[in-house]
Asker: 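Quick one: the structure is below, and I'll ask about it shortly.
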2 protein chains.
Amino acid sequence: MKDAKLTGLKLTPQRLAILEYLSGNREHPSAADIYAAVSEKFPTMSFATVYNTLKALRDRDHVLELAIDGGKRRYDPETIRHHHLICTECRKIVDIYVEFDLSVPEAERDGFDIAGNHVDFYGVCRNCRESGSEQKAASRKGRKT
Amino acid sequence: MKDAKLTGLKLTPQRLAILEYLSGNREHPSAADIYAAVSEKFPTMSFATVYNTLKALRDRDHVLELAIDGGKRRYDPETIRHHHLICTECRKIVDIYVEFDLSVPEAERDGFDIAGNHVDFYGVCRNCRESGSEQKAASRKGRKT
DNA sequence: GTGATTGCAAACTGTTTGCATTTTG
DNA sequence: CAAAATGCAAACAGTTTGCAATCAC
């Protein structure tokens with residue numbers, strides 16, 4: 001995260017704690033993850049503050065809001081271009097920095113003004129592959145996203 | 001959808017109505033959309049039945065569960081490989097059938113056993129571009145996913 | 001000082017579950 | 001007839017909102 005874009009953000013201790021937690025964090029945490037971590041330093045922290053801060057950061061392009069995990073949103077402080085490897089067992093998300101040529105022929109654009117793209121790769125991470133993941137695999141059968 | 005994979009599914013009138021609604025549907029409806037549409041024919045339809053049916057269809061690879069729209073899941077009866085164009089204003093999702101070469105170098109796989117991938121293209125659809133989308137654009141600022 | 005932010009609780013949206021009843025194969 | 005599905009309500013999970021008190025700039 002570059003501090004350059006933090007204009008207009010009032011840097012309260014709570015926000016600084018959230019920023020510190022996110023800085024360099026490659027776990028793509030959910031709002032609940034962030035709340036849990038930051039609550040240790042701020043026992044009075046509320047979800048409202050977490051969501052409020054995440055929205056402010058998102059609006060300043062300081063975090064990306066990922067819609068990858070079904071029910072909940074996850075947040076990514078890495079804003080330079082990258083793609084994701086997603087484990088279909090444990091939902092772990094790993095960043096990859098491979099570049100692809102993803103041009104869409106005019107004829108296929110359906111009138112869209114395309115601004116960007118993102119690739120999700122689905123698979124099973126080493127951890128889930130090596131440890132017993134059979135049960136989980138059964139319960140998640142068919143869930144690809 | 002190919003009927004071939006519908007093995008073991010008890011075809012109740014409710015399920016047939018859901019299947020009929022989904023067949024050829026390119027709107028990527030949410031469970032609520034499906035419920036609303038099918039309720040017209042089945043006033044007693046319940047959400048439990050919609051979710052139950054969607055899970056059964058998903059487990060048989062008859063629909064894809066899309067985690068594209070933040071809070072809610074959307075369903076895609078098109079199971080042959082394709083990618084999506086997503087309008088960041090109205091969340092409309094359009095299918096595209098372009099094929100890409102998306103191989104990930106071994107060194108970047110982080111131990112993952114990669115099974116598939118999917119590309120999301122973000123942009124603004126013609127409708128949102130031509131009609132006043134300024135207000136919506138402001139309220140959604142920064143939301144890319 | 002003033003407008004933005006916090007924290008709390010309540011409200012909401014979307015999804016899941018338990019269970020008695022009904023239905024399909 | 002047995003196993004599975006339905007419908008309803010209640011329970012859940014995640015997110016948002018209203019508002020008085022507080023705080024950063």
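None of the values given here were measured: they were computed from a predicted structure. Letters A, B, ... mirror the listed sequences (proteins, then strands); counts begin at 1.
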Asker: So which nucleotide from D:dT6, D:dA24, C:dG7 ends up closest to the side chain of A:Pro13?
Answerer: D:dA24
Asker: Can the ring centroids of B:Phe100 and B:His83 be said to lie less than 6.0 angstrom from one another?
Answerer: yes
Asker: Rounded to the nearest angstrom, tell me the gap between atom CD1 in A:Ile34 and atom C1' in C:dT6.
Answerer: 17 Å
Asker: Report the nucleotide, chosen from D:dC8, C:dG7, C:dT6, that has the shortest atom-to-atom distance to any side-chain atom of A:Thr53.
Answerer: C:dT6
Asker: Decide yes or no for A:Tyr122 and B:Asn117: does some side-chain heavy atom of the first lie under 4.5 Å from some side-chain heavy atom of the second?
Answerer: no
Asker: Take atom CZ of B:Arg91 and atom P of C:dG14, then tell me their distance rounded to the nearest Å.
Answerer: 14 Å
Asker: Can you see if the side chain of B:Arg73 gets near the phosphate of D:dG14 - specifically, an N or O under 4.0 Å from OP1 or OP2?
Answerer: no
Asker: Round to the nearest Å and state the distance from B:Asn52 atom CG to C:dT21 atom P.
Answerer: 19 Å
Asker: So what does A:Lys72 touch, heavy atoms closer than 4.0 Å: a base, only the sugar-phosphate, or nothing?
Answerer: sugar-phosphate
Asker: Pick the nucleotide of DNA chain C nearest each of B:Phe47 and A:Gly8; which residue has the one closer to the 5' end?
Answerer: A:Gly8
Asker: Whole Å only: how far is the CZ atom of A:Phe42 from the P atom of D:dT22?
Answerer: 17 Å
Asker: Between D:dG14, D:dA5, C:dC8, spot the one nearest the side chain of B:Leu9, thanks.
Answerer: D:dA5
Asker: Can you find a side chain N or O atom of A:Thr44 that sits less than 4.0 Å from OP1 or OP2 on C:dG7?
Answerer: yes
Asker: Let's see if you can work this out: which of C:dC8, D:dC25, D:dT6 has an atom nearest to the side-chain heavy atoms of A:Lys10?
Answerer: D:dC25
Asker: Atom CG of A:Asp69 to atom P of D:dG14: distance rounded to whole Å?
Answerer: 9 Å
Asker: According to the interplanar angle, ranging from 0 to 90°, do the rings of B:His118 and B:His84 count as parallel (below 30°), tilted (30 to 60°) or perpendicular (above 60°)?
Answerer: tilted
Asker: Toward the 5' end of DNA chain D, which comes first, A:Leu11 or B:Ala48, by nearest nucleotide?
Answerer: B:Ala48
Asker: Could you give the CG-to-P distance, from A:Leu16 to C:dT6, as a whole number of Å?
Answerer: 10 Å
Asker: Looking at A:Thr53 and A:Thr49, would you say the former's side chain and the latter's main chain have a donor-acceptor pair under 3.5 Å?
Answerer: yes
Asker: Can you tell me how the ring of B:Phe47 sits relative to the ring of B:Tyr35, calling it parallel under 30°, perpendicular over 60° and tilted otherwise?
Answerer: parallel
Asker: With a 4.0 Å limit, can you tell me whether B:Thr12 has a side-chain N or O closer than that to the phosphate oxygens OP1/OP2 of D:dT6?
Answerer: yes
Asker: Side chain of A:Lys55, heavy atoms from C-beta onward: which of C:dT15, D:dT17, C:dT6 has the nearest atom to it?
Answerer: D:dT17
Asker: Does OP1 or OP2 of C:dT23 have a side-chain N or O of B:Gln14 closer than 4.0 Å?
Answerer: no
Asker: OP1 or OP2 of D:dT15 sitting under 4.0 Å from any side-chain N/O of A:Tyr51?
Answerer: yes
Asker: Which part of the nucleic acid does B:Ala31 contact within heavy-atom distance under 4.0 Å: base, sugar-phosphate only, or nothing?
Answerer: sugar-phosphate
Asker: So A:Pro43, base contact, sugar-phosphate only, or nothing? Heavy-atom distance under 4.0 Å.
Answerer: nothing
Asker: Just N and O in the side chain of A:Arg15: are any of them under 4.0 Å from OP1 or OP2 of C:dT6?
Answerer: yes
Asker: When the distance from OH of B:Tyr35 to P of C:dT16 is rounded to whole Å, what number comes out?
Answerer: 17 Å
Asker: Rounded to whole Å, please give me the gap between CG in A:Asp33 and P in D:dA13.
Answerer: 15 Å
Asker: With distance as the sole test, does B:Gln14 use its side chain to make a donor-acceptor pair with the main-chain N or O of B:Leu16 at under 3.5 Å?
Answerer: no
Asker: Please state whether the phosphate of D:dA5, meaning OP1 or OP2, lies under 4.0 angstrom from any side-chain nitrogen or oxygen of B:Thr49.
Answerer: no
